[in-house]
S.K.: 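Here it is, the structure, as structure tokens.
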There are 2 protein chains.
Amino acid sequence: MKLTSKGRYAVMALADLANFNKTGPVPLRDISIRQGISLFYLEQIFLKLKKHNIVQSTRGSGGGYVLFKNADDLKLSEIFSAVDEKVKTINCKRESKKGCNGKASKCITHNLWDELELHINTFFNQKKLSDLVSKKDTQIR
Amino acid sequence: MKLTSKGRYAVMALADLANFNKTGPVPLRDISIRQGISLFYLEQIFLKLKKHNIVQSTRGSGGGYVLFKNADDLKLSEIFSAVDEKVKTINCKRESKKGCNGKASKCITHNLWDELELHINTFFNQKKLSDLVSKKDTQIR
DNA sequence: TATATACCCGAGTAAAATAGTCAAGATTAA
DNA sequence: TTAATCTTGACTATTTTACTCGGGTATATA
């Protein structure tokens with residue numbers, strides 16, 4: 001099981017953004033430098049974040065990104081799903097003979113993955129972006 | 001985030017084993033056929049399960065595998081860790097400038113991954129192999 | 001003892017996913 | 001106008017995953 005860099009970077013970048021966007025749009029270049037993430041990669045990530053209404057952009061000189069809503073309204077689950085970080089890529093449905101179609105013939109572990117998905121989603125639904133910022137030992141550096 | 005096939009297969013195979021090993025060792029070929037998993041792949045998986053004392057083997061004709069302990073003593077977390085299914089492959093420690101060494105300079109999301117790891121481990125520590133067998137709609141098929 | 005059954009183990013490989021790069025363009029503040 | 005900045009699609013290298021293969025060793029049983 002793993003979380004990809006994309007999801008991690010998205011959270012890091014947004015936390016950075018939350019700390020710096022009180023004074024206006026934050027350009028990706030700044031985030032790139034502060035968080036040590038490739039600018040090109042950040043661009044990809046923010047495109048997705050924008051499409052999912054997590055950030056807003058301003059073009060041109062002096063432009064950059066700002067959060068679309070308050071950090072304490074932004075669930076981490078929204079962030080992960082925006083960048084295609086799926087909680088559940090387990091799929092029991094093998095097309096072959098013994099496939100699990102989720103109905104009549106559930107495979108033996110089917111319910112397990114359902115429960116796990118629920119468990120993890122609960123975690124990420126409770127966590128807000130604001131939980132990550134302005135804490136002593138998790139401060140921006 | 002995802003769980004790999006290896007972890008899923010391990011759980012499926014062991015659940016199958018739990019259902020059939022009352023009458024002696026179960027050969028992998030039977031599990032392979034019943035669960036629709038490649039025999040060669042199962043061999044790899046069971047090698048690891050054996051090294052971690054989750055199953056015992058009997059060689060030769062009439063041989064096969066049996067569970068090392070009772071299904072209600074076997075945590076799913078043990079199974080996953082035996083087949084290298086890591087709950088946390090997030091690592092904040094990028095060697096570069098902005099690395100997170102887990103001590104003085106924790107990265108902004110460090111605590112988050114710690115909490116998540118704990119959350120998921122809790123889930124898998126509570127779940128036992130016996131929770132998967134002998135239930136109506138998750139029955140062996 | 002011969003034979004078939006089954007585990008043991010290391011190595012190799014193809015496909016997919018991930019992480020990251022790049023180029024060319026559009027928009028806007030100063 | 002110019003520099004800063006987002007926008008977009010395509011491309012590539014690396015890593016991981018899933019699976020295969022070949023040649024063993026051990027053991028029951030006929």
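Just so it is clear: chains get the letters A, B, ... in the order the sequence lines come, proteins before strands, and each one is counted from 1. Bear in mind the structure is a predicted one, so any value in this text is a computation, not a measurement.
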S.K.: Look at A:T4 and C:dA19 and indicate whether a side-chain polar atom (N or O) is within less than 4.0 Å of OP1 or OP2.
M.R.: yes
S.K.: Go through D:dC21, C:dC22, D:dT8 for me and flag the one nearest to the B:F40 side chain.
M.R.: D:dC21
S.K.: Take the angle between the ring planes of B:Y41 and B:Y9 and call it parallel below 30°, perpendicular above 60°, tilted in between.
M.R.: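 Ring orientation of B:Y41 relative to B:Y9: perpendicular.
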S.K.: Return the value, rounded to whole Å, for the distance between atom CG of A:L47 and atom P of D:dC6.
M.R.: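 After rounding, the reported distance stands at 11 Å.
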S.K.: Hey, does the Lys NZ or Arg CZ of A:R8 hover above the aromatic six-ring of A:F80, less than 6.0 Å from the centre and inside 45° of the axis?
M.R.: no
S.K.: Can you see if the side chain of A:Y65 gets near the phosphate of D:dT5 - specifically, an N or O under 4.0 Å from OP1 or OP2?
M.R.: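 So the side-chain polar atoms of A:Y65 never come under 4.0 Å of the phosphate oxygens OP1 or OP2 of D:dT5.
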S.K.: Do B:I31 and B:L42 have side chains that get closer than 4.5 Å, going by heavy atoms?
M.R.: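 When only atoms from C-beta onward are counted, B:L42 and B:I31 do touch, with a gap below 4.5 Å.
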S.K.: Expressed in angstrom and rounded to an integer, what is the separation of A:L28 atom CG from C:dG20 atom C1'?
M.R.: 15 Å
S.K.: Does B:K69 form a salt bridge (Lys or Arg N to Asp or Glu O under 4.0 Å) with B:E78? I'd like the steps, not just the answer.
M.R.: CA-CA 12 Å; B:K69 42 180 159 180; B:E78 295 177 66; 3.1 Å; yes
S.K.: Nearest whole angstrom, please: distance from the P of C:dC8 to the NZ of B:K48.
M.R.: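 Going from NZ in B:K48 over to P in C:dC8 covers 15 Å.
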S.K.: Rounded to whole Å, please give me the gap between CZ in A:R59 and C1' in D:dA4.
M.R.: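 Interatomic distance, CZ of A:R59 to C1' of D:dA4: 12 Å.
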S.K.: Among the candidates C:dG20, D:dG22, D:dT7, find the nucleotide nearest to the side-chain atoms of A:S5.
M.R.: C:dG20
S.K.: Rounded to whole Å, please give me the gap between CD1 in B:I33 and P in C:dT5.
M.R.: 13 Å
S.K.: What's the verdict on side-chain contact (heavy atoms from CB on, under 4.5 Å) for B:L74 and B:I79, showing C-alpha distance, side-chain angles and the deciding distance?
M.R.: CA-CA 8 Å; B:L74 184 53; B:I79 299 172; 4.2 Å; yes
S.K.: Check A:K127 against B:L112 and note the closest heavy-atom contact, atom names and distance.
M.R.: CD-CD1, 4.1 Å
S.K.: Taking for each residue the nucleotide of DNA chain C bearing the nearest heavy atom, is the 5' side occupied by A:G62 or by A:L39?
M.R.: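 So the residue in question is A:L39.
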S.K.: Need one value for B:V55: base, sugar-phosphate or nothing, where a base atom within 4.0 Å counts as base even if backbone is also close, heavy atoms only.
M.R.: nothing
S.K.: Using a strict 4.0 Å threshold on nitrogen-to-oxygen distance, state whether B:D16 and B:R34 make a salt bridge.
M.R.: yes
S.K.: Between the side chain of A:T122 and the main-chain N/O of A:L118, is any donor-acceptor distance below 3.5 Å?
M.R.: yes
S.K.: Is A:Y41 near enough to C:dT18 that one of its side-chain N or O atoms lies under 4.0 angstrom from OP1 or OP2?
M.R.: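 It does not, given that no N or O in the side chain of A:Y41 lies less than 4.0 Å from OP1 or OP2 of C:dT18.
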S.K.: Mind calculating the distance between OH (A:Y9) and C1' (C:dA19) to the nearest angstrom?
M.R.: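 The distance from OH of A:Y9 to C1' of C:dA19 comes to 8 Å, rounded to the nearest Å.
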S.K.: Can a side chain N or O of A:S57 be found less than 4.0 Å away from OP1 or OP2 on D:dT7?
M.R.: yes
S.K.: Tell me the interatomic distance from A:R8, atom CZ, to C:dG20, atom P, rounded to whole angstroms.
M.R.: 8 Å
S.K.: Could you write out DNA chain C as dot-bracket? Rules: Watson-Crick or G-U wobble, both distances under 3.5 Å, brackets [ ] for crossings, | for pairs with another strand, dot for unpaired.
M.R.: ||||||||||||||||||||||||||||||
S.K.: C:dC7 C1' sits how many Å from B:I31 CD1, rounded?
M.R.: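 About 12 Å, once rounded to whole Å.
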S.K.: Kindly say if B:S61 contacts the phosphate of D:dT27, meaning a side-chain N or O under 4.0 Å from OP1 or OP2.
M.R.: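 No, no such contact exists.
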S.K.: Of A:G60 and A:S38, whose nearest nucleotide on DNA chain C comes first from the 5' end?
M.R.: A:S38
S.K.: Measuring to OP1 and OP2 of C:dA19, would you say a side-chain N or O of A:K6 lies under 4.0 angstrom away?
M.R.: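 So the side chain of A:K6 is outside the cut-off, no N or O lying under 4.0 Å from OP1 or OP2 of C:dA19.
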S.K.: Confirm from the modelled atom types if A:Q44 and D:dT8 form a donor-acceptor pair under 3.5 Å, side chain to base only.
M.R.: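 For A:Q44, whose side chain was compared with the base of D:dT8, there is no donor-acceptor pair (under 3.5 Å).
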